[in-house]
2 protein chains.
Amino acid sequence: MKSAISILRQCGIQPTPQRIAVVESVLISTAHPTADEILVFARKKCPTVSRATVYNTLNLLVEKRLIGMQAIREGAVVFDPNIQKHHHFIDEDTGDIYDIPWDQFEVRGRKAFEDFEILDVQVIMRGKRRKK
Amino acid sequence: MKSAISILRQCGIQPTPQRIAVVESVLISTAHPTADEILVFARKKCPTVSRATVYNTLNLLVEKRLIGMQAIREGAVVFDPNIQKHHHFIDEDTGDIYDIPWDQFEVRGRKAFEDFEILDVQVIMRGKRRKK
DNA sequence: CCTTTTTTCTTGACATCGTCTAAACCGATA
DNA sequence: TATCGGTTTAGACGATGTCAAGAAAAAAGG
């Protein structure tokens, strides 16, 4: 995997210890962390990093399309290191979010939308993970 | 349209002036109001109603499946008087939410989910309304 | 009617999320 | 050293949403 520094440079963002900590925290994650979860994680690498910097950096990364931002859960936006098109399943018991491969669904009839310019489509499922 | 009182009675919720004001505010709406927007509206009918009561009543209505609750926008949950299955389009410029008829999309491949019990599915589109 | 009990409502406190601002803090350059 | 940009920080702020304690209102029972 590419280093955080080169990722930041490539996007024209000046690498700093704080930003590197945030990038490493969010890109390593396989889950869908909130900003405050990323803050906790980033402080393990850079103990002095502030909340504002984490928010600023995350917003920068979203702008540069290095990560996604999903408003699909109550309470807080979550960030998504997976920028491939995909769908989401949300476990209503735990709040956990699972990625669902893009081709798992067929979305049809999109042509009917003349009045709207569709920039993003996704299927959102909610339910419970079966106890097994 | 049914009166708010009979709707509440039918669900075993004691009708009170406060609850009636909330029910009328949210059921009359054709949009997707937030709790605070409903508070403002309800106060026109019942000026002393408090924030806590609005939140409590809305949660009651959601429990009884009289309205829907959608966590699809940043900042605040929105409530949805339309409880038929449907999809949503979100205008990223204005934050407006439009209902999309259920049969506008075909969602396939659902059988693949053995590990999950799917309680709700919807397609969420984001984009811009075309200026015309 | 008049109590008692239960339900509901309100107020205010509280926690969380996310943004903003002013000041401090670099690091490079002259 | 002095200065100049960009970056970070701490804290204030507003908005969302929940909670607890007491006030108020409604129901129940005599």
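Values below: every heavy atom of this structure, side chains too, minus hydrogens, waters and symmetry copies. So you know, we letter chains A, B, ... as the sequences are listed, proteins then strands, and number each from 1.
- Ring geometry for A:F105 against A:H87 counts as perpendicular: the plane angle is over 60°, on a 0 to 90° scale with 30° as the lower cut.
- Spacing between atom CZ of A:R9 and atom C1' of D:dG6 amounts to 16 Å, rounded to whole angstrom units.
- From A:I124, atom CD1 reaches atom CD of A:Q70 across 7.0 Å, with rounding to the nearest 0.5 Å.
- Computed from coordinates, the A:L60 CG to D:dT8 C1' distance equals 13 Å when rounded to whole Å.
- The residue A:T48 sits close only to the backbone: its heavy atoms come under 4.0 Å of sugar-phosphate atoms, none of a base.
- None of A:T94, A:D93, A:D91 except one satisfies the side chain to side chain donor-acceptor pair (under 3.5 Å) rule with A:K128; the exception is A:D93.
- Counting any heavy atom pair closer than 4.0 Å across all strands shown, B:T16 reaches sugar-phosphate atoms only and no base atom.
- Regarding A:E74, its CD atom lies at a distance of 13 Å from the P atom of C:dG18, rounded to whole Å.
- Taking only side-chain atoms of B:N59, from C-beta outward, the nucleotide of D:dT16, D:dT18, D:dT9 with the closest atom is D:dT18.
- Between the CZ atom of A:F79 and the P atom of C:dG18 there is a distance of 7 Å, rounded to whole Å.
- Relative to the side chain of B:Q18, the nucleotides C:dT7, C:dT10, D:dT8 differ in distance, and C:dT10 lies closest.
- Distance CD (B:Q14) to P (C:dT5): 19 Å, rounded to an integer number of Å.
- When each of A:T53, A:I38, A:T34 is tested with A:L58 by the rule side-chain contact (heavy atoms from CB on, under 4.5 Å), just one qualifies, namely A:I38.
- Which of C:dT11, D:dT16, D:dT9 sits closest to the side chain of B:A52 comes down to C:dT11.
- Between the CZ atom of B:R43 and the C1' atom of C:dT11 there is a distance of 11 Å, given to the nearest Å.
- Closest contact between the side chain of B:A76 and the listed nucleotides D:dT18, C:dT8, D:dG17 involves D:dG17.
- As rounded to whole Å, 12 Å separates atom C1' of C:dC17 from atom CG of A:L39.
- Whole-Å rounding puts the B:D36 CG to D:dT16 C1' distance at 7 Å.
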